[in-house]
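Order of the sequence lines sets the chain letters (A, B, ...), proteins ahead of strands, with each chain counted from 1.
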Amino acid sequence: MEGMEMREPFKNFYRIFRKREKITEYRNEGRKILGLLCNNIPEEIIHALGAVPVRLIGFYETTALANSKAPSWMCMYSRGVLEGALRGDFDFVDGIVSATTDDTKIQLFSSYKFYIKPSLAYLIQFPYVKDSLSREFFEKELERFVSILSKGLSAELSDEKLKNSIEIYNDYRKVCLELEKLRKEDSPKISSVEWFALILSSLAMLKDDFVKMVKEELERLTDFEGRNDFKIRIHLSGTDFYHLEILKILEECGMAVVSDDLCTSAGYYTGFVEGKDLRAVAKRYSECSACVMTLSHSGLSIEERLRFIKEKVRESKADAIVVLKDRGCEVCGHQCPWIVREADVPVLVLDLDFPVSVEQYRTRIEAFVEAHGGG
Amino acid sequence: MGDRDWNPLGYKTLYRELFKKHLNRQEMLMNMKRPVGWFFAFHPSELIYVFDLISAFPEQYSAYCAARGSSVDLIDASIATGYSHFLCDYFKTTIGAIIEPEKATKPLIPKPDFIVGSRALCVAHHEMADVFARYYNVPRFVVNYPYWTSDSLKNVDELTKEAEWADELYVEYTVKRLQKLVEFLEGIAGEFDEEKFKQVFKKSERTSKLLIEILKLMMSKPTPGSQREIGDFVFISFFVLGSDYALEFCQKAYEIIKERVKSGEGVSDERYRLLTFGIMPWHSLSLYEYCERMGANFPVNLYVNASVHLVDSKKPFESMVRRSMHFTNSSYEMLESIVKTARKADIDGALLLENTGCRITSMIIRPLADVLREELGVQSLILDAPQCDPRVMPMERAKTQIDAFIESLS
């Protein structure tokens, strides 16, 4: 593979994402769309109730409206969503769902609800703790979610429907893991730009459709020529990331992104639901260590995250880590020094904010590649 | 604009007594080699007195450093280590003091033997607890309170936090986690004493009632006290509620303010009544005095109001949950309770402090300003005011903004 241009079928997936083609299609079919503000929402439930869960993402270079309703130092993700909501760009959404996974996600939920007044809004209360008491609570919390959502969507959840949705989501996770293999080959067959084009599109369509579309392309993707023109293999760390522009810079400077722990990628699809009922769903979402906020009975959330990152680095044979540290992200803000201190490979921390200072990033990345990029 | 006479309630002496007694208790327990626990705002402070724990509060210690002028260096030390600039000032100041203790104000915060993280206000408390626990390699316990939404909580009284209805699922889970906390503390500090528990909660109930009464009296006309004095109530309601000295303080403070109201005296010659909200800028508390000297008094400080709750000693665990039912831990529809308070206080405007790095208090500021304008027709001045970093809020700039705001009210 030569150059940094996005190839087909990735272009097609990315267009579907940016133009919300599938979402429009679903709406025209009369389906309800629920906008998600976090990666840790048990989507299987929404899917089983016949609605379409999509991740809300706002692409804006400036967020003047959001800045008039919230501090301008908030993370890019929250500013983007609030801006989109206030501009009316998310009018296709019938309701929103968020979670208590971090302060921003909570306040963004409240702010969205306060200013936009969607007919349906739910905040999932995470227990943070993984003891049996908290697991039991979380199961009941999901029952509560089902009850409120069923009423709002005028739909009923059956065991069969939930089982079916769990299977679809597990299929989706399997497909992502298959694609991951292509990404982390010695000569990676999928570039980071292409990877994110693909994964982001999965946040804006039904997983059934995504799986079907990817399976149709999988053989073609497997035959793609691998990339050998890179100098260093990178694990990308951060939270809600979706800007291909920065990935292009990384690649142009000789980096090949072979794994990540981002909320919009591996932090989203990692972890299967092992079982067929709500209890199994609760277990998956309360135990998923890919999320930065979950923590185990015995350890700290930072430790879980470090374990997750180290495992990813090992599996993908990454030579270094690039941390995309959103300046306004509370999670990155607390955890970044620990990643730098305890990673087994060199770490480059890039402070993120928009508009992107292309030349500044380029200089730092080039210097890092020169220092750690081998031959 | 003239400088009017300023006539505070004189709580300064009471605070001095309170801190002295608190420090004496700490010293006595240190000599007894009792365990040191780190706690955060809205934690169940009564348990500290039930278990004879030495309590330390990163937030209070940071406020102390801010008032003494060392917080700037400590914040810089934390940022230099890689922690983000836009994190809570309390976190940055405390981490700075851990990393570079030589720059921190003495006496230093004692090292913890355990940490109790919670989410009764913010996830940041929980994240901080994680970081601190990792630095010191000590056990950490998490109490996860719900974030209240309109489908889980109805009609909360802004001061007492009594609600018409709260979802049982959340109340029960939180009560169970609090009971687990008691078990956790037993493992650290020894057996739980049922009788002592009852006594502490009785004290806490009496104290909480007095705190609420004082805050109600603050809404009298003219405003009887200064926010320089009332602002420090958060130390009592957050950190020492359940102690003898908190009760003593409140008894005396109540008598003083009652007399003041009876005599019809105000903190200054009142021209305007302002509502205020936001964590106090501990480096520049003279800001309140500055306003009051111009006749702009503060009958309501919503942050202080958020810190109090009515304790029911017959239902101690439910009371600990009630502590979390404040508007800063609730979705913004709950601002209706604020409107009631503001209406009762007959306010002319609001001074809102945006605490850079605090998502909880800062995100709600503009909706609060919008609600006050739409429901009561009053305007708000929003100031950038991180609680420990004076560089972001130079006093002279703040004063200019306040002057202009007050002029606009006339």
Between [options], which residue shows the highest count of heavy-atom pairs closer than 4.5 Å to chain B?
{"options": "A/P127, A/G328, A/A121, A/S68", "answer": "A/P127"}
{"options": "A/M74, A/H334, A/E136", "answer": "A/H334"}
{"options": "A/K69, A/R327, A/R144", "answer": "A/R144"}
{"options": "A/E330, A/K140, A/Q125", "answer": "A/E330"}

Legend entry - A/Q360, CD: over 12 other non-hydrogen atoms inside 6.0 angstrom: no

Inset, instruction - Might you confirm whether atom NZ of B/K154 has over 12 heavy atoms from other residues, nucleotides or ligands at distances under 6.0 Å? - result: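 More than 12 within 6.0 Å, yes.
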
So which part of [X] gets closer than 4.5 Å to some heavy atom of chain A, the side chain, the backbone, both or neither?
{"X": "B/C358", "answer": "backbone"}
{"X": "B/I95", "answer": "neither"}
{"X": "B/N355", "answer": "backbone"}
{"X": "B/Y135", "answer": "both"}
{"X": "B/L87", "answer": "side chain"}

Legend entry - Pair A/K283 + A/E287, salt bridge at N-O below 4.0 Å: yes

Legend entry - Presence of salt bridge, B/K103 and B/E100, under 4.0 angstrom: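 Result for this pair is yes, salt bridge flagged.
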
Inset, instruction - Determine yes or no for a side-chain-to-main-chain donor-acceptor pair under 3.5 angstrom, with B/Y147 supplying the side chain and B/S330 the backbone. - result: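 Answer holds: yes.
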
Inset, instruction - Would you confirm whether A/K113, through its side chain, and A/Y122, through its main-chain N or O, come within 3.5 Å as a donor-acceptor pair? - result: no

Would you mind telling me which of [options] has the largest number of heavy-atom pairs within less than 4.5 Å of chain A?
{"options": "B/P139, B/G357, B/S152", "answer": "B/G357"}
{"options": "B/I365, B/T356, B/I382, B/T81", "answer": "B/T356"}
{"options": "B/T149, B/D370, B/L335", "answer": "B/D370"}
{"options": "B/L169, B/D384, B/V371, B/I364", "answer": "B/L169"}

Inset, instruction - Return the orientation label for the A/F126 and A/F138 ring planes: parallel under 30°, perpendicular over 60°, tilted otherwise. - result: tilted

Inset, instruction - Quick one: sort the A/Y112 and A/F90 rings into parallel, tilted or perpendicular, breaks at 30° and 60°. - result: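 Rings of A/Y112 and A/F90: parallel, as their planes differ by under 30°.
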
Legend entry - cation_pi(A/K117, A/F114) dist<6.0 Å, angle<=45: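 Yes, a cation-pi geometry.
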
Inset, instruction - Against chain B, label A/C329 side chain, backbone, both or neither, depending on which of its atoms sit under 4.5 Å from a heavy atom there. - result: backbone

